[in-house]
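Please read the structure below before turning to the comments.
Note on naming: letters A, B, ... go to the chains in the order of the sequence lines (proteins, then strands), and numbering restarts at 1 for each one. What's counted below: heavy atoms across the whole structure, side chains too, no hydrogens, waters or symmetry copies.
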Amino acid sequence: MYRTHHCGALRLEDAGKEVTLAGWVDISRNLGGMTFIDLRDRFGITQLAFNMEENVELCTQARKVGREWVLQATGIVRERSSKNANRATGEIEISVTSLQVLNSSKVPPFTIQDDTDGGDDIRMKYRYLDLRRNPVQQNILFRHKLAMETRKYLSDAEFIEVETPVLIKSTPEGARDFVVPSRINAGQFYALPQSPQTFKQLLMVSGFDRYFQIVKCFRDEDLRADRQPEFTQIDCEMSFVHQEDILNTFEGLTRHLFQTLKGIELLDFPRMQYDDAVRLYGSDKPDLRFGMEFKELNHLAKGKDFAIFDQAELIVGICAQGIADQFSNKDLNEMTDWVKRPQIGAGGLVYVRFNTDGSIKSTIGKFFSDEDLQLWASEFGAKAGDILFIMSGETDKVRKQLSELRLELGNRLGLRKSDEFKPLWVLDFPLLEWDETTERFYAMHHPFTSPKKADIPRMLNGDHETMKSLRADAYDLVINGVEIGGGSIRIHDRELQSKNFKLLGFTPEKAEDQFGFLMGAFEYGAPPHGGIAFGLDRLCAVLNGQNSIRDFIAFPKNNMGRDTMIDAPSAIDDVQLNELSIQLDIKK
RNA sequence: GGUGUUGUAGCUUAGUUGGUCUAAAGCGCCUGCCUGUCGAGCAGGAGAUCGUGGGUUCGAAUCCCACCAGCACCGCCA
């Protein structure tokens, strides 16, 4: 054994014991006659003390060690004469009697401390050093606990964890696949799973009843702060359940995780129709930490000779309460510029300021009398001191733009508090999504999603417009405006599944080729079933009030999908290419 | 594919309208002093062709162009 205790273990009651510790030199302080070394491991920091009067040779040796050297020290635990209240072990120190250097270290490229001076670039290149830092270790530890609590909760609820294959078959639907060439089957490729979707459905057919897996998923799409090419899902499927059973089960899991990991008792999990979410917040993942619901103004704002409104499909606005005094004209112009940026792409922004002195100031005063604007105010329930922000245009676009503005205002006004958590179930997503460019329907969730029972007759013999209006038994869990997870009740009937594939533009042959195994399975007594998957990385980030999932992944990839530490992806040898029967044709 | 933004000692930054910039500071590093430090202190020192390549200019860290890299976003992500 290299040690008797770890570096966070010893307390005043251990005084007098002979102990051996091992760890890294966090920092050393050479005071001349005395030298102190802070010895660090995952569990904490313990001070080693050396004294010239007690042992010249040992103290001289201690003076020579540098940061991040690996030491083993034996000595007696003793009470400190001057204590450090900021540290759990701050009442004691080790009076060292023997010191072994287990390994020396180069000076690290950035200092291993909580507030490191290293930028993202260098931290990623030396991720193994970044991972020595306490805040990052805490994140990884948090992730571990979340995974453990998830397993505990689901296992207690009769779910069993089953591993599904990573080398599977490519399908054209959905995200781009990562593919893996097969050496033995020249010219053929496996795909890495975007999710274990079909396998978990097959496990239901097999009678496992409740399945879960904490599993890597792979999608070859562009990255974001909250998107990695490989990410982890808490993937689940249940047999003999309705939507209600699934929502309750995973509401329970979510409560359990908040309770055990954060000590937070979540209040209610409100539910909202997808249509309402889009109408009231312009988003299928509204942040409910603050209000600012949309109000539509077509009936009040049209017919007043303001051409932009008269021509608009939708005129819609939000009310920011009590900010008239703190928002100057300059701020308002800034907001206008903000929504006009290419990323938002709005034509402009109309505002109505209800000043605290009772006067009304707006950008459209020429077209609307104060009486008109008072009608707007009562629509919003606006009072003196409030400002209305109004946008207009094509319905879908303007809702999206106003949603962005709402979130930005929430940020600027400090309404999106990182220690507040507002979960929301968004229900009844559309079954299909029409794509203008390819002129076909795509499954909004995935091709196995069941339409709502009431919509099945319409699905079987409806026209094009009817198809657009079909609702699915599909649901998302949203927390603080972040999509934590989603799922659906699945189709378990071969006929209905065939019809769905047909709507999605699959020929019977193509459907058979791609998903014949699943439809075949449905002919052998498939139970009604449904499931859900949570994004584990996002859940970690949201629970910690953070936006980026990268710090909850031990070895993440950068914006370009590169791992800068191991320098992947990389070219491979011609020999390897030959074995795989692959020739490169790289376009410049 | 597109937009924005950043790139200056090991690290984090400052650097005005181009001119004592022969590039500054803090941290880190090295040396010395120092017996109760814990962000130790004090004194001294080393360390940068300013992302790369062009261009403008008498003169470029600074202006222009291209490229490279990081970050954020749009498209994309059933």
Side-chain angles (χ1 to χ4, degrees), chain A residues 26-40 45-54 59 63-64 66-68 78-87 89-91 93 95 106-126 129 171-177 194-195 197-198 217-229 231 338 341-345 400-401 404 408 429-433 435 437 440-449 472 474 483 486 488 500-501 504-505 533 535 547-548 550 558-562 564:
Chain A
D26 197 59
I27 196 171
S28 66
R29 291 175 292 278
N30 175 0
L31 275 66
M34 317 195 64
T35 290
F36 300 102
I37 294 176
D38 286 345
L39 198 67
R40 181 194 70 231
I45 290 177
T46 299
Q47 176 166 287
L48 308 180
F50 301 85
N51 194 321
M52 274 297 183
E53 279 181 0
E54 289 167 16
C59 197
R63 283 182 176 195
K64 289 185 181 134
R67 280 181 198 249
E68 303 309 318
R78 72 177 176 209
E79 185 172 3
R80 291 200 202 181
S81 60
S82 67
K83 293 175 181 165
N84 184 348
N86 299 320
R87 216 165 256 170
T89 61
E91 288 191 304
E93 65 191 358
S95 174
K106 294 208 286 188
V107 175
F110 53 87
T111 317
I112 312 300
Q113 56 189 20
D114 288 5
D115 295 310
T116 182
D117 54 6
D120 286 343
D121 201 355
I122 194 133
R123 285 176 47 205
M124 284 307 154
K125 186 165 179 200
Y126 297 93
L129 295 180
T171 57
E173 291 289 295
R176 290 184 195 91
D177 283 320
Q194 297 173 26
S195 81
Q197 184 59 38
T198 51
C217 302
F218 305 86
R219 294 178 189 175
D220 186 9
E221 298 292 343
D222 287 2
L223 279 50
R224 290 287 190 283
D226 64 345
R227 270 161 36 188
Q228 286 272 304
F231 60 99
W338 190 86
R341 291 181 318 146
Q343 262 85 352
I344 308 294
K400 206 172 165 197
Q401 291 160 355
E404 295 294 334
E408 176 67 12
F429 275 72
L431 181 69
L432 305 168
E433 214 172 9
D435 184 78
T437 49
R440 54 158 285 199
F441 282 111
Y442 284 87
M444 184 123 178
H445 184 55
H446 58 55
F448 319 108
T449 303
E483 183 194 327
S488 62
N500 204 34
F501 279 135
L504 293 170
N547 188 39
S548 173
R550 277 182 211 161
N558 75 5
N559 259 358
M560 290 295 291
R562 298 202 68 86
T564 56

Exercise. Under a 4.5 Å cut-off applied to non-hydrogen side-chain atoms, are Q113(A) and I27(A) in contact?
Worked result: no

Problem set entry | Any N559(A) side-chain nitrogen or oxygen under 4.0 Å from OP1 or OP2 of A72(B) | yes

Problem set entry | Nearest-nucleotide comparison on RNA chain B, the residue closer to the 5′ end among H446(A) and S548(A) | S548(A)

For this session: Report the base-pairing partner of C38(B) (Watson-Crick or G-U wobble, both distances below 3.5 angstrom), or none.
Result: none

Seminar exercise, completed: Using Watson-Crick geometry (N1-N3 plus N6-O4 or O6-N4) or G-U wobble (N1-O2, O6-N3), each under 3.5 Å, C71(B) is paired with G4(B)

For this session: Please determine if a side-chain N or O atom of R224(A) lies less than 4.0 Å away from the OP1 or OP2 oxygen of C74(B).
Result: yes

So which protein nitrogen or oxygen atoms get under 3.5 Å of nucleotides 3-6 of chain B's nitrogens or oxygens?
| residue | atom | partner | partner atom | Å |
| --- | --- | --- | --- | --- |
| U3(B) | O2 | Q343(A) | NE2 | 2.9 |

Exercise. R63(A) near the nucleic acid: base, sugar-phosphate alone, or nothing, with a heavy-atom cut-off under 4.0 Å?
Worked result: nothing

For this session: Have a look at I27(A) and say if it touches a base, only the backbone sugar-phosphate, or nothing, with a 4.0 Å heavy-atom cut-off.
Result: sugar-phosphate

Exercise. Considering Watson-Crick and G-U wobble pairs with both distances under 3.5 Å, what does G53(B) pair with?
Worked result: C65(B)

Exercise. Has K64(A) got a side-chain N or O lying under 4.0 Å from the OP1 or OP2 atom of U31(B)?
Worked result: no

For this session: Between E53(A) and D38(A), just flag the one whose closest nucleotide in RNA chain B comes earlier from the 5' side.
Result: E53(A)

Seminar exercise, completed: By side-chain hydrogen bond (donor to acceptor under 3.5 Å, both in side chains), E93(A) pairs with (sequence neighbours left out) Q47(A), R78(A)

Exercise. Just to confirm, is there a sub-4.0 Å distance from OP1 or OP2 of C76(B) to any side-chain nitrogen or oxygen of R219(A)?
Worked result: no

Problem set entry | Phosphate-side-chain proximity, R67(A) and G10(B), N/O vs OP1/OP2 below 4.0 Å | no

